[in-house]
Structures are given as C-alpha cells and as structure tokens.
Undergrad: 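Got a structure here, written out as structure tokens. Questions coming.
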Amino acid sequence: MKILIASPEIVPFAKTGGLADVTGALPKAIERLGEDVAAIMPKYKTVDEKKFGLEYTGKNIRVPISNRIEEARIYKGYINSQESGGRTGVPPVSRQSKIPIYFIEKNEYYDREYLYGTPQGDYPDNAERFIYFSRAVLEACKVIGFKPDIIHCNDWQTGMVPVYLKTLYKDDPFFKDTAAIFTVHNIGYQGLFWHFDMHLTNLGWDIFTPEGIEFYGKINILKGGIIYSDVITAVSKTYSLEIQTEEYGRGLDGVLRKRKDDLYGVINGIDYEEWNPETDKHLAARYSIDDLSGKWECKKDLLNIYGLTPSKEIPVIAAISRLDEQKGFDLITEVIADLMKLEFQFIFLGTGKEKYQKIFEDIGKKYPLKAGIKIGFDNALAHKIEAGADMFLMPSRYEPCGLNQLYSFKYGTIPIVRATGGLNDTVENYDPTLPRRAGEREGNGFKFSEYSSKELLSVIERAVDVYNDHIGWKELMNKAMGEDYSWGHSAREYVDLYRKAKEKKEHQSTR
Ligand code: ADP
C-alpha cells in the first residue's frame with residue numbers, strides 16, 4: 001500500500017509533544033513491514049533546510065482558501081532509519097532506509113517562533129493555517145505524484161483532510177482509491193473556531209450541521225476528522241474507551257459512540273533508536289540492564305546541571321512535561337509542603353501555560369536544595385533526565401498514551417503514574433506488601449487511581465520506601481527495563497487497519 005502520514009509535527013523536524021515522536025517513528029516501522037510510506041508536515045522555522053538536508057522539489061501548489069488562491073512550495077527531505085533490526089517481531093531492516101517527507105513551505109503561516117501559539121495563547125489564525133495545511137496535503141499529493149491508498153491523519157490540524165476527501169475531492173479520480181484513517185492523540189485539542197471562519201474551508205453551509213462539523217455553534221475540525229474518516233484510532237485501548245464517556249469525551253463522546261465499530265485503540269510504540277540508554281548520545285555514560293554503573297554517572301551529571309548534590313541514598317523523582325491542566329500538576333501544589341518533607345530530590349523540565357510555569361519556579365525558589373526546576377524545551381536534557389532520575393512522575397488528569405513512562409522503563413527509571421488512559425495500560429502497580437515469590441510482585445511502577453493530592457502523596461511515600469529496599473528496587477528496575485514497547489506490534493495493528501480502511505473505501509466506490 002501507498003501510505004501518507006500527515007501530521008502537524010514530526011521528529012526530528014518539529015516537536016511540542018508525543019505526537020511528533022509517534023509520527024516520526026511510525027513511518028519507519030511501517031516501512032519495515034514492506035509498505036510504501038511518505039510523510040508530510042508544515043515547514044516551520046525549526047525545519048532548517050541545511051541541517052536536515054532538505055531540497056526544494058521545484059514543485060508548487062496553488063491552494064484555494066476562502067476567495068483567494070495561496071501558493072506554497074514543496075520541499076523534500078528524509079526520515080532516516082539506521083537500525084539494523086531484529087527486535088521482537090520486527091523483520092530486519094535495510095541498514096539505511098530513507099523515508100521521504102514533504103514540507104509545505106508557506107512562510108506567512110508556518111515560519112514562526114512556536115508551532116501553534118505562544119505561552120499567552122494560540123495564534124489567532126490557526127483555523128486558516130491548518131485548514132490550508134489539510135488542503136495542501138491533497139494538492140501536494142498530486143504535484144509530487146504520490147497517489148496514496150491511505151492518508152493517515154493525526155489530530156485536529158489534519159482533520160479537514162478526511163472532510164475534503166469526502167466532499168470537494170470526492171469525484172477526483174486521483175483520490176478514487178484513497179481512504180482516510182484518523183488518529184486521536186488528544187481529544188482536549190479540537191480545533192474549535194467561530195462559524196465566521198467557514199469561508200476558509202470553501203465548503204457549503206450544508207456541512208455546518210450537528211451531523212457534520214458544527215459543534216454548539218462553532219466549527220469543530222476534530223469532529224470533522226472523526227466523522228469523515230473511514231477508520232478512527234486512539235492511542236491506547238483504555239483511551240479509546242474513555243473518550244466514549246462523558247467524563248473524558250470533551251463533548252465528542254456521542255459522536256465517538258456512534259462510530260464505535262470503526263474506532264480502535266492502538267498503543268504507541270517508542271523509538272529505541274532514539275531512546276535507549278545503551279546507545280543514547282546525550283548521556284554522560286551509557287548503561288544496560290546488565291551493567292547499571294553508567295546510571296549513577298548520569299545521575300551525577302544531571303544533578304550537577306541542576307545544581308543539586310547527588311546521593312546514592314536519595315532518590316531523584318523527575319517530571320518532563322508540557323504545562324497544561326491535563327498533566328495533573330495542580331495536585332503537587334496542594335501537598336508540596338508535605339512532599340518536600342520526604343527524602344527525595346525533585347527535577348523538573350517543562351514549558352507551557354504561564355500559571356504552571358510560575359508554580360514550578362516558585363517551588364524552585366522555596367526549596368533550592370531539594371528541587372531543580374528548568375522552564376523550557378530541551379530534548380538533550382530530557383534524555384539526561386530519563387537516565388539520571390530514579391523515578392518519573394506523571395500524575396495526569398487524563399493521558400491518551402503517554403510516552404515518558406515508556407522511555408522511563410527502558411532507562412530503569414520507575415514511573416509513578418495516575419491510572420488513566422495509556423498510563424493505566426502500560427504501568428503495573430508494584431505492591432511491596434505481596435510476598436517476594438516469583439510472579440507475585442509483577443509491577444513495573446507505581447499507580448494511583450483517584451485524582452487527589454492525598455493519593456499522590458501516599459504513592460510517592462510508597463515509592464520512596466521501596467527505593468530504600470535495595471532488593472525490591474533492583475527487582476523493579478529489571479522488570480521495567482525488560483519491557484518492550486518497540487513499534488513492531490503496533491505498526492502491524494496499523495497496517496491491518498489501513499487494509500480495513502482500504503476495503504471499506506473499495507466497497508463504497510463499487511456501490
Ligand atoms: P504529550 O504529547 O501530551 O505532551 P507524551 O508523554 O505523549 O505527552 O509526550 C511528551 C513528549 O514530549 C516526550 O517525548 C517528552 O520527553 C517530550 N517533552 C515534553 N516537554 C518537554 C520539554 N520541555 N523538553 C523536552 N522534551 C519535552
């Protein structure tokens with residue numbers, strides 16, 4: 001099959017969160033399964049032509065938006081894969097597979113400091129930027145001659161692609177065999193805009209209905225993606241069920257329930273080419289499950305960066321996060337005084353909403369000997385934190401999949417998580433009260449259920465206690481480091497779903 005992965009962010013070119021990791025790794029995993037894959041995204045400021053060896057294809061597109069035609073240039077680069085293969089379930093790869101990735105260059109829209117908005121809020125023209133991008137994806141397919149069987153769309157910024165395929169491009173022979181699959185990475189971001197933006201879509205008011213993209217008087221682009229796609233996925237089994245409930249569905253639970261027969265949960269994999277303590281080039285020392293000595297070097301290096309004093313006896317609990325209500329850090333503020341009485345050091349790296357940035361900066365000022373805080377986005381530091389910390393905290397209100405707990409496993413850094421979404425699916429609670437017989441203490445981390453600061457405090461107390469039990473901790477680290485979340489399995493699930501979508505599309509075309 002010819003598969004095009006459309007995403008608003010893709011590693012290593014641009015990243016604000018896990019979506020970029022996923023859409024950077026998935027194309028490689030799908031190619032390994034023998035499919036013909038390409039990817040497409042906007043050419044932001046971070047997409048440096050020289051650094052990434054991009055080339056202008058010499059091809060331009062002319063995309064209608066409202067009553068104008070806006071031209072964009074198409075660039076081409078590659079997602080490189082160096083892996084030699086052989087991991088669980090993944091057939092060996094040619095050493096240097098190169099997956100083409102196309103970029104839409106439209107500087108008025110994408111050549112900005114941030115991808116979607118500043119810490120003060122979203123860019124006011126996001127509707128225009130991403131309606132344009134969605135239509136540009138289709139126009140780009142034509143000029144580059146990539147006739148996809150599947151366009152795999154990711155999050156609201158690509159939500160108009162399926163809508164256009166079933167409306168303006170429905171009779172276009174180029175897309176006669178093209179099915180759309182839509183992945184919900186986070187239902188909290190829906191692309192909601194006032195109805196005066198309808199003119200940007202060049203679609204009639206007939207789709208501005210509750211059965212179409214209308215949502216309580218507004219345009220809801222994510223809803224469009226869900227309704228008009230052939231197959232829908234969410235990034236974990238639990239999340240695919242949660243979003244069908246009122247509590248987690250953000251108003252779209254009814255729409256999702258209607259499409260439940262076409263809605264699947266596929267857990268994200270992680271890219272062990274990028275996240276592996278045995279090969280990670282960002283670390284002060286490398287280590288493995290068989291020789292953990294390098295982890296202590298990484299801890300010293302990390303605490304040195306944060307100006308804290310390392311000790312083998314004191315665990316480091318870390319968090320790396322977008323700062324948003326979703327991530328659950330309100331819980332910390334309520335019990336910070338009690339937390340800081342416990343014997344651990346806290347390391348934080350994150351950026352996002354000002355309110356939370358301030359909370360963490362205040363913690364740093366108030367507890368300078370116990371807490372190291374950095375506000376910002378720093379990928380190299382994120383790797384150092386994964387390696388140098390002993391535990392990784394994710395108290396999320398909701399978490400579609402979560403990647404950091406999966407990276408943490410590999411780095412022997414034990415996750416402490418709230419049991420929601422993908423965190424619930426991947427973290428097994430370690431219960432020190434069970435007897436230490438084979439199979440009884442199955443856990444790879446610590447979990448709490450109720451969204452409450454009391455529970456958070458108590459799970460952290462528990463984790464710190466277990467840290468002091470050296471045998472127990474080693475047991476936990478072994479279990480965690482042995483987990484395998486490579487893409488092989490999930491990529492197969494996606495390929496099966498691509499086939500399903502393709503069959504659905506063929507069925508529709510012959511009717
Ligand atoms: P989300 O996509 O909701 O932000 P995930 O856990 O799925 O959450 O993925 C977050 C990804 O972004 C991880 O790879 C994490 O390391 C990275 N990340 C988040 N914030 C930062 C930051 N400030 N600096 C570096 N990496 C970050």
Undergrad: Would you say the side chain of Val161 lies within less than 4.5 Å of the side chain of Cys153, judging by non-hydrogen atoms?
TA: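 A side-chain contact under 4.5 Å exists here.
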Undergrad: Ile187 vs Tyr239, test: side-chain contact (heavy atoms from CB on, under 4.5 Å). Steps then yes/no.
TA: CA-CA 10 Å; Ile187 207 152; Tyr239 195 58; 3.3 Å; yes
Undergrad: Is a side-chain donor-acceptor pair under 3.5 Å present for Thr420 with Glu242?
TA: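 Checked: Glu242/Thr420 side chains pair up, N/O donor to acceptor below 3.5 Å.
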Undergrad: Is it the case that the side chain of Asp21 and the backbone of Gly269 share a donor-acceptor pair, with hydrogens and angles ignored and the cut-off at 3.5 Å?
TA: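 The answer is no, because no donor-acceptor pair under 3.5 Å joins these two groups.
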Undergrad: Is the side chain of Asn202 donor-acceptor paired with the backbone N or O of Ser66 at a distance under 3.5 Å, no angle test?
TA: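 Looks like yes, one N/O pair under 3.5 Å.
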Undergrad: Do the side chain of Asn154 and the main chain of Ala6 share a donor and acceptor less than 3.5 angstrom apart?
TA: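 Checked: pair present.
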Undergrad: Aromatic contact between Tyr123 and Tyr114, with the criterion being ring centroids under 6.0 Å apart: yes or no?
TA: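 Between Tyr114 and Tyr123, which both carry aromatic rings, the centre distance is not below 6.0 Å.
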Undergrad: Got more than 12 heavy atoms from elsewhere within 6.0 Å of NZ, Lys15?
TA: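 Enclosed: over 12 neighbouring heavy atoms sit under 6.0 Å from NZ of Lys15.
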Undergrad: Using 30° and 60° as the class boundaries, would you call the ring planes of Tyr110 and Phe133 parallel, tilted or perpendicular?
TA: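 Tyr110 and Phe133: perpendicular rings.
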Undergrad: If only atom types and distance count, is the side chain of Asp155 paired as donor or acceptor with the main-chain N or O of Gln157 below 3.5 Å?
TA: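 No; zero donor-acceptor contacts below 3.5 Å.
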Undergrad: Quick test of your reading of the model: are Glu325 and Lys353 salt-bridged, counting only N-O distances below 4.0 Å?
TA: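 Yes, this pair counts.
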Undergrad: Using side-chain contact (heavy atoms from CB on, under 4.5 Å), reason through Ile317 and Asp390 one step at a time and then give a plain yes or no.
TA: CA-CA 6 Å; Ile317 302 184; Asp390 298 295; over 6 Å; no
Undergrad: Give a yes or no on whether the backbone of Lys51 and the side-chain of Asp48 come within a donor-acceptor separation of less than 3.5 Å.
TA: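 Side chain of Asp48 to backbone of Lys51: a pair is present.
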Undergrad: Assess the residue pair Glu399 and Asn424 against the criterion (side-chain hydrogen bond (donor to acceptor under 3.5 Å, both in side chains)); give the C-alpha distance rounded to whole Å, side-chain angles, the decisive distance to 0.1 Å, and a yes or no.
TA: CA-CA 9 Å; Glu399 195 60 70; Asn424 192 39; over 6 Å; no
Undergrad: Between the main-chain N or O of Ser396 and the side-chain N or O of Lys327, is there a donor-acceptor pair closer than 3.5 Å?
TA: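 No, because the side chain of Lys327 does not come within donor-acceptor range (under 3.5 Å) of the backbone of Ser396.
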Undergrad: Pair Phe215, Leu192 - check side-chain contact (heavy atoms from CB on, under 4.5 Å), show working.
TA: CA-CA 8 Å; Phe215 183 76; Leu192 275 175; 3.6 Å; yes
Undergrad: Decide, yes or no, whether a salt bridge links Lys358 with Asp362 under the criterion of side-chain N to carboxylate O below 4.0 Å.
TA: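 Between Asp362 and Lys358 there is a salt bridge, with a charged N closer than 4.0 Å to a carboxylate O.
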Undergrad: Any chance the rings of Phe329 and Tyr356 have centres within less than 6.0 Å?
TA: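 No, the ring centres sit 6.0 Å or more apart.
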Undergrad: Given 3.5 Å as the limit, does a donor-acceptor pair link the side chain of Lys295 with the main chain of Ala387, or not?
TA: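 It does hold such a pair.
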Undergrad: Crowded around Gln120 CD? As in, over 12 foreign heavy atoms under 6.0 Å?
TA: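 Enclosed.
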Undergrad: Ignoring hydrogens, what is the shortest heavy-atom contact between Leu381 and Tyr306? Give both atom names and the distance.
TA: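 Of all heavy-atom pairs spanning Leu381 and Tyr306, the closest is CD2-OH, 3.6 Å.
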Undergrad: Taking Ser7 for the side chain and Glu9 for the main chain, is one N or O donor matched with an acceptor at less than 3.5 Å?
TA: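 Yes, the answer is positive, given that a donor and an acceptor are paired below the 3.5 Å cut-off.
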Undergrad: Within 45° of the axis and under 6.0 Å from the centre of the six-membered ring of Tyr164, does NZ or CZ of Arg135 qualify?
TA: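 Here Arg135 passes the 6.0 Å and 45° test against Tyr164.
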Undergrad: Please report whether the ring centroid of Phe193 lies less than 6.0 Å from that of Trp156.
TA: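 Aromatic pair counts; centres sit under 6.0 Å.
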Undergrad: One pair to check against side-chain contact (heavy atoms from CB on, under 4.5 Å): Phe348 and Ile363. What are the steps and the verdict?
TA: CA-CA 10 Å; Phe348 179 80; Ile363 292 177; over 6 Å; no
Undergrad: Quick one about Asn220 and Gln190 (side-chain donor to acceptor, distance below 3.5 Å, no hydrogens or angles considered), yes or no?
TA: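 A pair is found: one side chain offers a donor N or O, the other an acceptor, under 3.5 Å apart.
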Undergrad: Can you tell if the side chain of Asn404 reaches within under 4.5 Å of the side chain of Ile320, non-hydrogen atoms only?
TA: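 The answer is yes, as the side chains (C-beta and beyond) meet within the 4.5 Å cut-off.
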Undergrad: Can we say Glu386 and Lys410 salt-bridge, meaning some charged N sits less than 4.0 Å from an Asp/Glu carboxylate O?
TA: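 No salt bridge links Glu386 with Lys410.
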Undergrad: Is the closest basic N to carboxylate O distance between Glu70 and Lys106 below 4.0 Å?
TA: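 Salt bridge flag = yes for Lys106 with Glu70.
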Undergrad: Does Ile243 reach the side chain of Leu252, with side-chain heavy atoms less than 4.5 Å apart?
TA: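 Counting from C-beta outward, Ile243 and Leu252 never come under 4.5 Å.
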Undergrad: With a 3.5 Å cut-off and no angle check, do the side chains of Asp280 and Tyr411 form a donor-acceptor pair?
TA: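 A donor-acceptor contact under 3.5 Å links the two side chains.
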Undergrad: Are Arg259 and Asp262 ion-paired here, with the side-chain N under 4.0 Å from a carboxylate O?
TA: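 Yes, charged N to carboxylate O under 4.0 Å.
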Undergrad: Side-chain contact, heavy-atom cut-off 4.5 Å: Tyr169 with Cys141?
TA: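 Answer no - side chains too far apart.
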Undergrad: If I take atom CD1 from residue Ile5 and atom CD1 from residue Ile101, how far apart are they, to the nearest 0.5 angstrom?
TA: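 So the gap between those two atoms works out to 9.5 Å.
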Undergrad: Counting only heavy atoms not in Glu71 (residues, nucleotides, ligands), do more than 12 fall under 6.0 Å from its CD?
TA: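 Enclosed: over 12 neighbouring heavy atoms sit under 6.0 Å from CD of Glu71.
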Undergrad: Are Asp111 and Lys45 close enough for a salt bridge, meaning some N to O gap below 4.0 Å?
TA: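 The answer is yes: the pair qualifies as a salt bridge.
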Undergrad: Are any non-hydrogen side-chain atoms of Trp487 and Val22 less than 4.5 angstrom apart?
TA: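 Touching, per the 4.5 Å side-chain cut-off.
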Undergrad: Walk me through it: do Asp324 and Arg397 pass the test salt bridge (Lys or Arg N to Asp or Glu O under 4.0 Å)?
TA: CA-CA 10 Å; Asp324 184 88; Arg397 238 178 244 271; over 6 Å; no
Undergrad: Verify the distance criterion only: is there a donor paired with an acceptor across the side chains of Thr238 and Asp425 at less than 3.5 Å?
TA: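 Result is yes, a qualifying pair exists.
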Undergrad: Assess the residue pair Asp301 and Lys384 against the criterion (salt bridge (Lys or Arg N to Asp or Glu O under 4.0 Å)); give the C-alpha distance rounded to whole Å, side-chain angles, the decisive distance to 0.1 Å, and a yes or no.
TA: CA-CA 8 Å; Asp301 178 48; Lys384 286 173 184 290; 3.1 Å; yes
Undergrad: Stepwise, does the side-chain hydrogen bond (donor to acceptor under 3.5 Å, both in side chains) test hold for Tyr398 with Asn186?
TA: CA-CA 9 Å; Tyr398 71 94; Asn186 192 329; 2.7 Å; yes
Undergrad: Taking Glu455 first and then Lys447, would you say they form a salt bridge - that is, a charged N and a carboxylate O separated by under 4.0 Å?
TA: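 No.
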Undergrad: May I ask you to decide whether Asp330 forms a salt bridge with Lys355, counting only side-chain N to carboxylate O separations under 4.0 Å?
TA: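 Yes, charged N to carboxylate O under 4.0 Å.
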Undergrad: Between Thr201 and Met198, is there a donor-acceptor pair closer than 3.5 Å when you use the side chain of the first and the backbone of the second?
TA: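 Flag set: sc Thr201 to bb Met198 pair under 3.5 Å.
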Undergrad: Can Lys166 be said to sit on top of Tyr228's aromatic six-ring, NZ or CZ under 6.0 Å from centre and within 45° of the ring axis?
TA: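 No.
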Undergrad: Answer yes or no on whether Lys76 is positioned over the face of Phe103, meaning its NZ or CZ is under 6.0 Å from the six-membered ring centre and within 45° of the axis.
TA: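 Here Lys76 fails the 6.0 Å and 45° test against Phe103.
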Undergrad: Is the side chain of Arg129 donor-acceptor paired with the backbone N or O of Tyr109 at a distance under 3.5 Å, no angle test?
TA: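 Yes, Arg129 side chain to Tyr109 backbone: donor-acceptor pair under 3.5 Å.
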Undergrad: I'd like to check the side-chain contact (heavy atoms from CB on, under 4.5 Å) partners of Glu105; sequence neighbours left out, ordered by chain and number.
TA: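 Once residues adjacent in sequence are excluded, the partners of Glu105 under the side-chain contact (heavy atoms from CB on, under 4.5 Å) criterion are Lys43, Glu49, Arg73, Tyr75, Asn107.
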Undergrad: Hey, can you tell me if His152 and Tyr498 have their rings parallel, tilted or perpendicular (30° and 60° cut-offs)?
TA: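 Perpendicular.
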